[in-house]
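Below is one structure, written out as C-alpha cells; the observations come after it.
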Amino acid sequence: MNYLEHKNQSIEIVEKSKQINKPIGIFDSGVGGLTVLKTLQAILPYEDFLYFGDTARLPYGSKSENTIIHYTRRACHILVQRGVKALIIACNTASSVALPSLIAEYPHLPIIGVIEPGAKAAIQASLNGQIAVLATAATVRAGAYQRIIQALHPQAQVFSKACPLFVALAEEGLEEGKIPEAIAEHYLRPLLKQHQPDTLVLGCTHFPILLKTIQKIVGETTLIVDSAHATADTIKAELIHHRLIQDTPLQKGYCHFLVTDAPKEFQRVATYFLKQSLPDHVLEWVDHVC
Ligand code: DGL
C-alpha cells in the first residue's frame with residue numbers, strides 16, 4: 001500500500017468511527033414512539049438515540065396524506081441536521097405515507113419504517129393467513145400493511161380497523177379496566193364476528209400500551225404482533241450491514257428528546273409509556289414552524 005492509499009484508508013477509518021458514535025434518530029408524531037424507543041434500547045443498549053416528538057402537531061392519524069408528509073419531512077430534516085447515523089420512522093402513520101419521500105430525500109442514510117418489519121412478522125406468525133391490523137384512520141386509509149402483506153403472501157387476507165380512541169386511552173394511562181375494555185369491544189367485536197384472524201398487528205405506536213385489554217377481547221389464541229420488536233431487529237441488521245453498530249460496552253447509551261410543544265406534557269405522558277420519569281435535562285423544545 002502506498003502512502004496515499006494508506007492515508008485514504010486511515011481517513012475512512014476515522015470517518016467510520018465518527019459515524020458510529022452518532023445517535024440513531026427516531027421520529028414520531030409525539031409520545032407513541034416511546035414504545036419503539038423502549039424496545040430499541042433493550043436490543044441496542046450501547047446506542048445513543050435522538051428522539052423527535054412532534055407534540056405540537058399530533059395526532060397525525062386523523063390528518064391528510066399531504067399534511068403528514070409535510071410535517072414528517074420537516075421534522076426529519078431537523079434530525080438529519082443534528083447528525084444521525086440512521087433514521088427510524090417509529091410512527092406508523094408517517095411510515096405509511098411519508099417513507100418513500102424520505103428515502104428519496106436522504107438516499108445515503110439508512111431509513112427504517114415500522115410497517116414492513118411488522119407486516120413480515122405478522123406473515124411469519126400467522127398459520128391461517130388471516131391477519132387483522134389495528135391502526136389510525138390515516139394508516140388504514142393508506143393500506144400500507146395490506147399492500148406489503150399481500151405482496152409477500154398473496155393468499156393472505158387482511159382486515160384493517162381504525163381505532164382512534166385507543167390513542168387517547170393510552171395517553172390518559174387508561175390501560176386496563178371497564179372503559180378501555182368497552183372501547184376495545186366496540187372496535188373489535190364486529191371484526192371478530194365476521195372474520196377469524198389468528199394474528200393481530202398493533203399498527204400504531206400507542207396500542208402496545210393496551211396490549212392486555214386487546215388480548216382479553218381477542219382471546220389468548222390470537223397472536224399479537226408488535227411492530228416495534230421486528231423494527232428493532234431490522235435496524236440492528238442494517239447497522240451491522242453498514243458497519244455502524246455501536247456494540248462496545250463502554251457505557252449505556254443515552255437518549256435526548258426534541259419536542260415541539262411543552263416538554264412538561266411530554267414528560268407526563270412519557271411516564272405511562274416508559275414506566276419511568278424523564279429528567280428535565282434530556283428534554284429540549286424545538287421550534288418547528290411549518
Ligand atoms: N404515532 C401514531 C401512529 O403510530 C399514533 C398517534 C398519532 O395519530 O399521531 O400511527
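One-based numbering, in listed order, for ligands and for the atoms of each. If you're wondering where the values come from, they're calculated on a predicted model, not measured in any experiment. We use all heavy atoms of the structure for the numbers below, so side chains are in, but hydrogens, waters and symmetry mates are not.
Ligand 1 is approached by Pro59 to a heavy-atom distance shorter than 4.0 Å. Heavy atoms of Gly30 come nearer than 4.0 angstrom to ligand 1 in no pair at all.
Some N or O of Asp28 is nearer than 3.5 Å to an N or O of ligand 1, by distance alone. In terms of polar-atom proximity, Thr205 is counted as a contact of ligand 1, with an N or O under 3.5 Å from an N or O of the ligand. Residue-to-ligand polar distances keep Ser62 apart from ligand 1: every N/O pair is separated by 3.5 Å or more.
Between the side chains of His195 and Gln130, no donor N or O sits under 3.5 Å from an acceptor N or O. For the 3.5 Å distance criterion, the side chains of Asp48 and Gln246 fail to qualify, holding no donor opposite an acceptor. Side-chain N/O atoms of Ser96 and Thr93 include no donor and acceptor closer than 3.5 Å.
Here is the list of ligand 1 atoms found below 4.0 Å of a heavy atom in Ser29: 1 (N), 2 (C), 6 (C), 7 (C), 9 (O). Distances below 4.0 Å separate heavy atoms of Tyr60 from the following atoms of ligand 1: 7 (C), 8 (O), 9 (O). Near His206, meaning under 4.0 Å from any of its heavy atoms, are these atoms of ligand 1: 5 (C), 6 (C).
Given atom 8 (O) of ligand 1, the protein heavy atom at minimum distance is Gly61 N, 2.8 Å. With respect to atom 5 (C) of ligand 1, the closest heavy atom belonging to the protein is Cys204 SG, 3.5 Å. The single protein non-hydrogen atom nearest to atom 10 (O) of ligand 1 is Thr93 OG1, 2.5 Å, given as residue, atom name and distance.
With respect to Asp54 and Arg57, a salt bridge is recorded, a charged nitrogen being found less than 4.0 Å from a carboxylate O. Using a 4.0 Å cut-off between charged nitrogen and carboxylate oxygen, Glu220 and Lys212 do not count as a salt-bridge pair. Between Arg268 and Glu265, at least one side-chain N (NZ, or NE/NH1/NH2) sits under 4.0 Å from a carboxylate O, which counts as a salt bridge.
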For a salt bridge (Lys or Arg N to Asp or Glu O under 4.0 Å) check, start with the C-alpha distance between Lys252 and Glu47, then their side-chain angles and the critical distance, and finish with the verdict.
CA-CA 8 Å; Lys252 211 168 161 287; Glu47 295 289 352; over 6 Å; no
Candidate pair Phe49 and Phe257, rule side chain to side chain contact (heavy atoms under 4.5 Å, CB included), full reasoning:
CA-CA 8 Å; Phe49 294 95; Phe257 298 85; over 6 Å; no
